[in-house]
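Working notes, structure below.
Letters go in sequence order (proteins before strands), and every chain restarts at 1. Basis for what follows: all heavy atoms, side chains included, without hydrogens, waters or symmetry-related copies.
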Amino acid sequence: SQQGEEDPQALSIQEGENATMNCSYKTSINNLQWYRQNSGRGLVHLILIRSNEREKHSGRLRVTLDTSKKSSSLLITASRAADTASYFCATDATSGTYKYIFGTGTRLKVLA
Amino acid sequence: NAGVTQTPKFQVLKTGQSMTLQCAQDMNHNSMYWYRQDPGMGLRLIYYSASEGTTDKGEVPNGYNVSRLNKREFSLRLESAAPSQTSVYFCAAGRQRGSQETQYFGPGTRLLVL
């Protein structure tokens, strides 16, 4: 079963608007990562947030983590058409038989 | 630096045929992974290798075998392909820093089993 579930499944916004996507997970984690996937390509790492961190920034990306709610959010500010992609969260479970579990992804479309 | 490379990019198989998907990394990372990606399912881990000489099952290992030939190469074999194995397969290499690991993905192999 999937550890991470992204919400919404799909999101369509206008260029310049902010995009927010959420990830919920089930078990305790060491850290949570967000990845991006352009259509037909492999995933690219965006940002990692540790379990003892609440917020992290990288350029136009802002990630928050609420371990009490087992959830994280990814905010992309001032979106561009080039941000059109699928975004996945990945959790590093503190227990379990394998390293990272990816969510089902949010498909973001930014309209020019 | 090529990063993570995968061959072939596309493959069509008939049910029952076998094939090996190749993956190589030039980043000197210890961990390597094989995932499959199906529409609406995200990525599911098939097998992983924490270091040269070790392999472990992931979430969906049935119908697959792997071989960590050396630190650079991690291959995935389908002994008798089934239509349910139609998918996009991604290989990844993991860079570890303490308890954290960042994964670097290859471009994927698109497999169609008829």
Next item on the list: State, yes or no, whether a side-chain contact exists between Gln103(B) and Tyr100(A) at a heavy-atom distance under 4.5 Å.
Entry: yes

Note to self: Just verifying a value: how many Å separate Leu45(B) CG and Ile101(A) CD1, rounded to the nearest 0.5 Å?
What the structure shows: 8.5 Å

Margin query: At a 4.5 Å cut-off on heavy atoms, which part of Gln37(B) comes close to chain A: side chain, backbone, both, or neither?
Written below: side chain

Item checked: Contact list for residues 52-85 of chain A, test ring pair (Phe, Tyr, Trp, His ring centres under 6.0 Å), sequence neighbours left out -> none

Next item on the list: Identify which part of Tyr33(B) has an atom lying under 4.5 Å from any heavy atom of chain A, answering side chain, backbone, both or neither.
Entry: side chain

Checklist line | Contacting moiety of Arg107(A), where chain B heavy atoms sit under 4.5 Å | finding: neither

Notebook entry, point to check: Side chain, backbone, both or neither: which part of Leu48(A) has an atom under 4.5 Å from a heavy atom of chain B?
Noted result: side chain

Next item on the list: Could you look at Gln37(A) and say if it's the side chain, the backbone, both or neither that has a heavy atom under 4.5 Å from chain B?
Entry: side chain

Check: Sequence neighbours excluded, which residues qualify as ring-ring contact (aromatic ring centres under 6.0 Å, His included) partners of Phe105(B)?
Finding: Tyr35(A), Phe102(A), Tyr35(B)

Next item on the list: Against chain A, work out which of Pro107(B), Gly108(B), Ala92(B) has the most heavy-atom pairs shorter than 4.5 Å and name it.
Entry: Pro107(B)

Check: Rounded to the nearest 0.5 Å, how far apart are OG1 of Thr102(B) and CD1 of Ile47(A)?
Finding: 11.0 Å

Check: Are the side chain of Arg110(B) and the backbone N or O of Gly40(A) linked by a donor-acceptor pair below 3.5 Å?
Finding: yes

Item checked: N/O donor-acceptor pair under 3.5 Å between Gln33(A) side chain and Glu101(B) backbone -> yes

